[in-house]
Structure formats: structure tokens, C-alpha cells
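The figures that follow rest on heavy atoms only: side chains count, while hydrogens, waters and symmetry mates do not. Whatever order the structure lists them in is the order used to number ligands and atoms, beginning at 1.
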Amino acid sequence: MKIAIASDHGGMNIREELKQLMDEMNIAYEDFGCECATSVDYPDYALPVAEKVANGEYDRGILICGTGIGMSIAANKVKGIRCALVHDVFSAKATREHNDTNVLAMGERVIGPGLAREIARVWLETEFEGGRHANRVSKITNYEA
Ligand code: RB5
């Protein structure tokens with residue numbers, strides 16, 4: 001599995017924490033910034049990552065900003081992206097099992113690095129359940145088409 005990860009200036013610490021986590025989990029990733037000393041615009045980071053996941057270059061994406069909200073709104077504009085804004089471990093598991101989410105968004109001003117790590121670990125490890133959930137996800141995909 002290959003992950004594309006990015007953050008704006010509001011999510012840089014958690015981005016570093018998650019890179020460490022993926023190193024520990026032996027998961028390949030590429031960091032798409034930001035290298036920001038000043039503030040940047042989150043769509044400039046969310047949209048390229050979402051496009052790389054949508055076109056199959058990367059299997060999944062992780063996006064962090066201050067709240068995670070801007071990143072998730074932007075990522076979900078890209079066709080084929082199912083991005084979940086997650087701040088608890090239960091939802092991290094459920095959104096993989098039920099929604100087959102391919103992008104995870106989190107907010108560094110909302111949760112700490114320990115919880116962010118645990119959320120990302122569970123989200124990375126959990127498989128889609130398929131079955132009745134596949135039928136539901138296909139209704140979203142069909143709507144997009
Ligand atoms: C940046 O100040 C902040 O707006 C951004 O990180 C994010 O929270 C937007 O949704």
C-alpha cells in the first residue's frame with residue numbers, strides 16, 4: 001500500500017508523527033508538503049493528493065490541517081474520493097469497513113498526536129467489509145458518474 005500525505009501549516013506536527021508511524025508499520029508513503037514557514041492554502045495540498053489517489057498513483061491519502069474540515073471538503077470535490085474527517089478511533093474503523101474511504105482527514109487543533117496516530121493506525125489496517133456496504137458505496141459512485 002502506498003500513501004500520499006500532506007498538510008497545511010496547521011497540520012505539520014501530526015504529519016511528521018504519521019510519517020514516523022508509517023515507517024514503523026513499513027508502509028510506503030510520499031510527503032507532498034507543505035514546507036511552510038508561513039501560512040498556506042489547504043486546497044493547494046488537498047486537491048493534488050486527492051487527484052493522485054483518484055488516478056491510482058497512490059492507494060490512499062492522509063490530509064491534516066487545523067480542523068481537518070477544509071482538507072476534507074476540498075478532497076471530496078475530486079471524483080472517486082471518499083474522504084472522512086475522523087477524530088475518534090471508532091469512526092476510523094467504521095469508515096474503512098462501511099464507506100471504503102480512500103482519504104483520511106484530521107485536525108491538529110482538535111486532537112493530539114497520540115490520538116491521531118491511533119486513528120491513522122486503525123484506518124490504515126482496516127479492510128472494507130463489502131457486501132451491503134459495497135452496494136451503498138456504488139450508489140455514490142454511480143451518482144458521481
Ligand atoms: C488555517 O488557519 C485553517 O483554516 C486550516 O488549517 C483549516 O483548519 C481549514 O479548514
Inset, instruction - Please work out which of Cys65, Gly68, Ala105 has its closest non-hydrogen atom nearest to atom 7 (C) of ligand 1. - result: Cys65
Legend entry - Check: Asp8 N/O within less than 3.5 Å of ligand 1 N/O: yes
Legend entry - 4.0 Å heavy-atom contact, Glu108 with ligand 1: no
Inset, instruction - Keeping to residues at least two apart or across chains, list the salt bridge (Lys or Arg N to Asp or Glu O under 4.0 Å) pairs with something in residues 96-119. - result: Glu17-Arg117, Glu24-Arg117, Arg82-Asp100, Lys93-Glu97, Arg96-Asp100, Glu118-Arg121
Inset, instruction - Give the atoms of ligand 1, by number and element, whose distance to some non-hydrogen atom of Gly66 is under 4.0 Å. - result: 5 (C), 6 (O), 7 (C), 8 (O)
Legend entry - Tyr29 side, atom OH; Met1 side, atom CE - distance, nearest 0.5 Å: 13.5 Å
Legend entry - For Asn76 against Ile81, the heavy-atom pair lying closest together: OD1-O, 3.4 Å
Legend entry - Any His9 heavy atom less than 4.0 Å to ligand 1: yes
Inset, instruction - Flag Gly70 as yes when one of its N or O atoms lies below 3.5 Å from any N or O atom of ligand 1, and as no otherwise. - result: yes
Inset, instruction - Considering the heavy atoms of Thr67, write down every atom of ligand 1 situated less than 4.0 Å from one of them. - result: 7 (C), 8 (O), 9 (C), 10 (O)
Inset, instruction - Just need the protein heavy atom nearest to atom 2 (O) of ligand 1, so name the residue and atom and give the distance. - result: Arg109 NH1, 3.3 Å
Inset, instruction - Check whether any protein heavy atom sits under 4.0 Å from atom 4 (O) of ligand 1. - result: no
Legend entry - From CE (Met22) to CD1 (Ile3), nearest 0.5 Å: 6.0 Å
Inset, instruction - Find the distance between CD1 (Ile62) and CG (Asn102) and round it off to the nearest 0.5 Å. - result: 12.0 Å
Legend entry - CH2 on Trp123 to CG on Leu104, rounded to 0.5 Å: 5.0 Å
Side-chain atoms of residues 34-44: list all donor-acceptor pairs with protein atoms under 3.5 Å, sequence neighbours left out, distances to 0.1 Å.
none

